[in-house]
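What follows is a set of notes on a single structure, which appears directly below.
Small disclaimer: the values here were computed from a predicted structure and weren't measured.
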Amino acid sequence: MHDPRVLLDPATDAVRKLARRGFSLDVTALEKLLSSRNSAIQRGDDARGESKRVATSVKGAAPEERAQLVERARELKGVVAAAEEEHRTLEAELQDLLLGIPNLPLDELPDGASEDDAQLVRTWGEPPTFDFAPLDHVDLGERLGILDLPRATKLSGPRFAVLKGKGAALERAIARFLLELHTEHNGYTEFSVPTLVNRVSMTGTGQLPKFEHDLFKTGVGETELYLIPTAEVPLTNLHAKETLATEELPLAYTAHTPCFRSEAGSYGRDTRGLVRLHEFSKVELVRVVEAERSRAELEVLLGHAEAAMQALGLAYRVIKLPAGDIGFSAQITYDIEVWLPGQQKYREISSCSDFGTFQARRAGIRTKSKEGARGFAATLNGSGLPIGRTLVAILEQGQQADGSVQIPDVLVPYTGFDKLS
RNA sequence: GGAAGCGUGGCAGAGCGGCCUAAUGCACUCGCCUUGAAAGCGAGAGACCCGCAAGGGUCCGGGGGUUCAAAUCCCUCCGCUUCCGCCA
């Protein structure tokens, strides 16, 4: 969420920036709403102040004076109530408006709104070449007997997966490897968090109110809870409505959780295999930092995600998304795309974003320096990595002529085997 | 699910409907003292909102009500604790 005064400051250049991502900001409406809200607050404050003074003077007043004072106090009570009511209404309107305005893309982002407009940052590793026709992960997985999609559909429907035997073991191994990499080498603290969260938490990170249709929701009696689409939600909201001392920043948190996505609007895309599921698991990285440091911290975060790719020996490239293609809460996003021989394409495997203070304002994550300076924190997050897509890449990049799959060396201590056959 | 109790400042803990602008202690910050520290003494200090500022307003778990006036009375919701029941 934006600070309306900053948004309206011409120096912010908000209208142009938001237009780059296809959002048209109605400055006049916002200005009008803000100033009427402020004057309602002022009127209420003034009346309440007088009301208090009058109430205090009632006690020692002479009887005839007293009646007059009480009369005046009754009047003021009405004024206060009216001003408060007006404030409440306008405040709600203002919040609705502000909650629907996306973050401002940084100027360094390329123009455009499609994947094709992304800017290539670098590539790492050689896409493997094969002297045979490489299979995709579904064919590989089924031949190896580690993947059972028909039964997943029987259990839950399309876009679910069942892994079996060494497939399940490999999934577990990937998760353990990633967690240990990030906790032992990259300085992250591991958390185990709820995967069902309330509406406030979903609003704090920006999934709500705009993207309700992307979420799975549960309802039992009066209780409504949402299934998290990413551990970003619980990890970032851990510090909602808290003031953090700047000395304890940056915070670096990780968690391995299931993620649930409705995938509304992606009908027909990636219907095959493990690439796009309603439920998958992911090791997520979250950083909470001082506002001025957020851009630099994004490079740090990206480095941690890349370190995982490199340790696994997976060929990938990094792209900077164009202004029109970044998520609602982000001000800049890098995607890591892994080479998938089965598709002969680079496909997204990790998204690393800097949210600036956008989420912190919504969630109320404040900072206070030793000198007493107060502000909002900046938040960042990135996948480090999603287990399913990583498994896809390992299968496809590691496949051999005989249909077996070579397991990356770093995973062998966790799997206990170095080959799927 | 049933019963009872409790929610006050960073923590602990007072608080007859109006002098609560919330006592006191601990912790904290800054002085004095000291070679340095501790102790002692003195002073100070919260958060949020409106305002360029001066300043004003709000905050005793949340919301509502009674009253000229609520931390204090009433209702309701939430959370915590204890006992019972149930349960992995």
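- A perpendicular orientation is assigned to the rings of A:Y188 and A:H304, their planes being inclined by more than 60° (bins at 30° and 60°).
- Considering only heavy atoms from C-beta on, A:K320 comes within 4.5 Å of A:P110 through its side chain.
- Shown for residues 77-92 of chain A: residues whose heavy atoms fall under 4.0 angstrom of RNA chain B, namely A:K77, A:R88.
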Measure all distances between protein nitrogen or oxygen atoms and nitrogen or oxygen atoms of nucleotides 15-21 of chain B, and list the pairs falling under 3.5 Å.
residue	atom	partner	partner atom	Å
B:G18	N2	A:A55	O	2.7

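- The list of salt bridge (Lys or Arg N to Asp or Glu O under 4.0 Å) pairs with a residue in residues 186-206 of chain A, not counting sequence neighbours, reads A:R199-A:E212.
- The existence of a salt bridge linking A:R276 and A:E263 is confirmed by a sub-4.0 Å separation between a basic side-chain nitrogen and an acidic carboxylate oxygen.
- Applying the salt bridge (Lys or Arg N to Asp or Glu O under 4.0 Å) test to residues at least two apart or on different chains, none of the pairs has a partner in residues 226-236 of chain A.
- At whole-Å resolution of the value, CZ in A:R72 and P in B:A69 are 14 Å apart.
- Applying the side chain to side chain donor-acceptor pair (under 3.5 Å) test to every pair with at least one member in residues 322-336 of chain A, sequence neighbours left out, gives these pairs: A:R295-A:Y334, A:E299-A:Y334, A:Q331-A:D354, A:T333-A:S353, A:D335-A:S351.
- Pairing partner, B:G1: B:C84, with both Watson-Crick or wobble hydrogen-bond distances short of 3.5 Å.
- Remark: B:C28 base-pairs with B:G44. Criterion, Watson-Crick or G-U wobble with two distances under 3.5 Å.
- One interatomic measurement links the two molecules: CZ of A:R366 to C1' of B:A47, which rounds to 9 Å at whole-angstrom precision.
- Between the P atoms of B:G7 and B:G46, the separation comes to 26 Å (whole Å).
- Of the residues in residues 38-45 of chain A, those placing a heavy atom less than 4.0 Å from an atom of RNA chain B are A:N38, A:I41, A:Q42, A:D45, in numerical order.
- Distances shown here put a side-chain N or O of A:R74 below 4.0 Å from the OP1 or OP2 atom of B:C68.
- Using bins of under 30°, 30° to 60° and over 60° for the plane-to-plane angle, the ring pair A:H278/A:F160 lands in the tilted bin.
- Pairs passing the side chain to side chain donor-acceptor pair (under 3.5 Å) check and including a residue from residues 66-75 of chain A, sequence neighbours excluded, read A:E50-A:R72, A:R72-A:E75.
- Salt-bridge check for A:D148 with A:K154: failed, with every basic side-chain N at 4.0 Å or more from each acidic carboxylate O.
- Note that CG of A:D45 and CD of A:E84 are 9.0 Å apart. Values are rounded to the nearest 0.5 Å.
- Of the nucleotides present, none pairs with B:A23 by Watson-Crick or G-U wobble criteria with both distances under 3.5 Å.
- Counting only residues at least two apart or in different chains, salt bridge (Lys or Arg N to Asp or Glu O under 4.0 Å) contacts with residues 85-95 of chain A comprise A:R37-A:E91, A:R43-A:E86, A:E85-A:R88.
- Residue pairs that meet the side chain to side chain donor-acceptor pair (under 3.5 Å) test with at least one member in residues 20-30 of chain A, sequence neighbours left out, are A:R20-A:D111.
- Spacing between atom CG of A:D3 and atom P of B:C49 amounts to 9 Å, rounded to whole angstrom units.
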Give me, pair by pair, the N or O atoms of the protein and of nucleotides 70-79 of chain B that are less than 3.5 Å apart, along with how far apart they are.
none

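- In this structure, A:K368 reaches the sugar-phosphate backbone alone: every heavy-atom distance under 4.0 Å involves primed, P, OP1 or OP2 atoms, never a base.
- Atom name P, nucleotides B:U67 and B:C16: the rounded distance is 23 Å, in whole Å.
- B:C28 and B:A37 have their P atoms separated by 15 Å, with the value rounded to a whole Å.
- If you take atom C1' in B:G36 and the same atom in B:G51, they sit 48 Å apart, rounded to whole Å.
- Nucleotides B:C59 and B:G42 have their P atoms positioned 34 Å apart, rounded to a whole Å.
- Remark: B:C6 base-pairs with B:G79. Criterion, Watson-Crick or G-U wobble with two distances under 3.5 Å.
- We find that CD of A:E75 is positioned 17 Å from P of B:U67, with the value rounded to whole Å.
- When the side chain to side chain donor-acceptor pair (under 3.5 Å) test is applied to A:E290, no partner is found at least two apart in sequence or on another chain.
- In this structure, CD of A:E242 is placed 13 Å from P of B:G10, rounded to the nearest angstrom.
- Here, B:U66 and B:C75 have their C1' atoms 11 Å apart, quoted to the whole Å.
- For A:R37 and A:L69, each mapped to the nucleotide of RNA chain B holding its nearest heavy atom, the one lying further toward the 5' end belongs to A:R37.
- Minimum atom distance to the side chain of A:R48 is reached by B:G57, of the listed B:G57, B:C49, B:G56.
- For the P atoms, the distance from B:G13 to B:U8 is 9 Å, rounded to whole Å.
- In this model, a donor atom of one side chain and an acceptor atom of the other lie less than 3.5 Å apart for A:H256 and A:S281.
- In this structure, A:F376 and A:G49 both approach RNA chain B, and ranking their closest nucleotides by distance from the 5' end singles out A:F376.
- Counted by atom type alone, A:S35 and A:N38 present zero donor-acceptor pairs between their side chains at under 3.5 Å.
- Residue pairs meeting the side chain to side chain donor-acceptor pair (under 3.5 Å) criterion with at least one partner in residues 404-421 of chain A, sequence neighbours excluded, are A:E180-A:Y414, A:D402-A:S404.
- Between the P atoms of B:G40 and B:G25, the separation comes to 12 Å (whole Å).
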